[in-house]
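In what follows, a structure is listed as structure tokens, so that the remarks can point back to it.
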Number of protein chains: 2
Amino acid sequence: MPTLSEVARHAGVTPATVSNVLRNRGRVGANTRQRVLEAVEALGYRPHLAARALAEGRAPTLALMVSSIANPFYPEFALAVERAARTSGHFVIICNTNEDPLTGRAYLDQIAGTLSEGVLVTNANLDFADLHTTESRGTPVVLCMWERPNEPPGLPCVAVDFRRAGELAGAHLLELGHRRIGAIVGSKASGIHAARYEGFVDALRAGGAPKGRVKHGADTIQGGYEAARALLETNPKLTAIFATNDLPALGAMHAAADLGLNVPADLSVIGITDIQLARESRPALTTVAVPTVEVAGLAVSLLRELIETSYGQAGRGAASVPMRVASPPELVVRASTGVPRPR
Amino acid sequence: MPTLSEVARHAGVTPATVSNVLRNRGRVGANTRQRVLEAVEALGYRPHLAARALAEGRAPTLALMVSSIANPFYPEFALAVERAARTSGHFVIICNTNEDPLTGRAYLDQIAGTLSEGVLVTNANLDFADLHTTESRGTPVVLCMWERPNEPPGLPCVAVDFRRAGELAGAHLLELGHRRIGAIVGSKASGIHAARYEGFVDALRAGGAPKGRVKHGADTIQGGYEAARALLETNPKLTAIFATNDLPALGAMHAAADLGLNVPADLSVIGITDIQLARESRPALTTVAVPTVEVAGLAVSLLRELIETSYGQAGRGAASVPMRVASPPELVVRASTGVPRPR
DNA sequence: TTGAAAGCGCTAACAC
DNA sequence: GTGTTAGCGCTTTCAA
């Protein structure tokens, strides 16, 4: 691969000049520029990103921490992140923590600040202390899906009002006439779906409906399947199930099918997020849509700002921790919810 | 962030020595090593990957080109690739070409050789000429899912006998007693599923069954849905549908549902690949499993070898292009196929 | 408008 | 065993 100096020699100028025309820095004569461009073309020169990174003291990539790219929400989000990142010339490195905080820390230790100049974090089950450490070492961190706009996490973030999402789901079910509603709370340990559930419970209370049964489970189709079976076997009179995420909601639909229940005639099911599969399931899943693409965009642009302002570096002191709030979630009615029919 | 020299100063040695203990190169005295390690610990030193890359003349990442990470097969594959890559200390950068060869080329131009020292290519709709170009510039390229082991692509690759996969699918349907079988060929343009279809047709011929109707479509659930509807509306007597990929097969099941057909009683459906969703659909999808994880492992290790031997660099001349063949596909019978019942 | 020179943080000969 | 010395390819003052 040809280097900058080779291009310079070829064009009869110095490396500095070539650099200048390539970055549009400094003033360069029109025909010098022309000659340089020709040399670049002739040699098929491409800048060495690692060298540039070193010289500039910055890196061309962003790290995206996810628990597992195999959870279909993340690819969708990652795609949106990548699109946004490309607009500032960043590549994105996807880091699968696999739900393991140690793996997460290992990633942070290795790439933050040396290969990536910023870190985007989804619900990757990371240790907050580790995130603060990387931040204090000068690499900005942005939390991408903070669930409580009213309770800032102490780290820059993009928040979505997930309480509201739960509320909308509950209200929708109530409005259809459901009174006996079961709930499936995904991602048990992390408590990360608590806000969604709270919103749901509030809606029920506001509607004067009984609180209903809850079952915790894994944030997967299988987890939702198991939770729903348990729920339905002990509470056969349930007419609806609310899940804190689409994946478990999809699992609940499978459970219904296996129990000979028709969705939505015998059982209504609603989720949160509106991942692509929600549209593609049979029946199509009613859900509360979260503005994924918007969140990705906000997160990337916030991160970019923090990078430009060397947030963290210059001991931010009392400066407040920035938070962006994405548009509120919206109910998307599809075919998995309907008026209850008594059983 | 502390640098190597700072660590050296702190430990009272020279940078070279620190480098030596960190890389386990050269001979270092036991207590010198000890002091260095302490200094590393005390300062929280972490090597600067970009600097190291520049000095070593190699990069710590591998690029994985995919058409779109939103197609659920790729996340699964990407995860396997990442796992394999981590064992050699590589990070992976996922490059979504979005089916656009130009985007693909832009990625290759930018990162191949400067940020990534090797490129893994799935069916990303890339221009082979571009791939050869990056190879000739010294960055090895490996095709990950070559479909015809008997017809090498002229680029290093991992091959899977997809003809065989189609054959197994066809044979399974025949064995169940189906005679009127429709076929859905995904990814129309690229012709990338041709081998699968050929195998399927061969199986039908061998079984003395009529060739059946074919419909081409997009390699998505929606594409399969549309193709299946078209197929079933014009050929209501079909008792089975073979799709060249799981996603369209899933779509075919949805079409059946919408047409009031029970799967598998009225219509059997079979796909190829065995993505996670195949296990998670209702009914669970019968499919021909491709050894995804094995392929990822083979691809990464082949790529690693090519990197070590500077394949391409040293004008390989007549040296043969390496190919690894993964284990043959295997039939996985689930609930979407059964004995036909006359309609 | 262009060139000379220093340096980003690290590695790798080679010498001591 | 450990230090010295040169770079890796690029950017960026600062002079000319």
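On a predicted model such as this, the values are computed, not experimentally measured, just so you know. In what follows, chains carry the letters A, B, and so on, assigned in the order in which the sequence lines appear, proteins first and then strands, with residues in each chain numbered from 1.
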Going through the checks in order, is the side chain to side chain contact (heavy atoms under 4.5 Å, CB included) test met by B/Val295 and B/Trp146?
CA-CA 10 Å; B/Val295 170; B/Trp146 187 247; over 6 Å; no
Chain B reaches DNA chain C, atoms under 4.0 Å from its heavy atoms, from C/dG9 to C/dA12
Could you check whether any side-chain heavy atom of B/Val142 comes within less than 4.5 Å of a side-chain heavy atom of B/Pro140, counting everything from C-beta outward?
no
Reckon B/Gly57 touches a base, only the sugar-phosphate, or nothing at all at heavy-atom distances under 4.0 Å?
nothing
Nucleotide D/dG3, atom C1' - distance to CZ of B/Arg9 in whole Å:
16 Å
What string of B, S and - do you get for nucleotides 9-16 of chain D 5' to 3' if you count protein non-hydrogen atoms under 4.0 Å?
BBBB----
Decide side chain to side chain contact (heavy atoms under 4.5 Å, CB included) for B/Leu131 and B/Leu143; before the verdict, give the C-alpha distance in whole Å, the side-chain angles of both, and the deciding distance to 0.1 Å.
CA-CA 10 Å; B/Leu131 259 16; B/Leu143 262 32; 4.2 Å; yes
Is it the case that the side chain of B/Arg137 and the backbone of A/Met1 share a donor-acceptor pair, with hydrogens and angles ignored and the cut-off at 3.5 Å?
no
Assign B/Thr32 to base, sugar-phosphate, or nothing according to its heavy-atom contacts below 4.0 angstrom with the strands shown.
sugar-phosphate
Does A/Arg148 reach the main-chain N or O of A/Pro152 with its side chain, forming a donor-acceptor pair under 3.5 Å?
no
Could you check whether the rings of B/Phe77 and B/Phe73 sit parallel, tilted or perpendicular, using 30° and 60° as the cut-offs?
parallel
In this structure, are over 12 heavy atoms from other groups packed under 6.0 Å from A/Glu308 atom CD?
yes
Checking side-chain hydrogen bond (donor to acceptor under 3.5 Å, both in side chains) against B/Asp100, which of B/Thr97, B/Thr103, B/Asn96 comes through?
B/Thr103
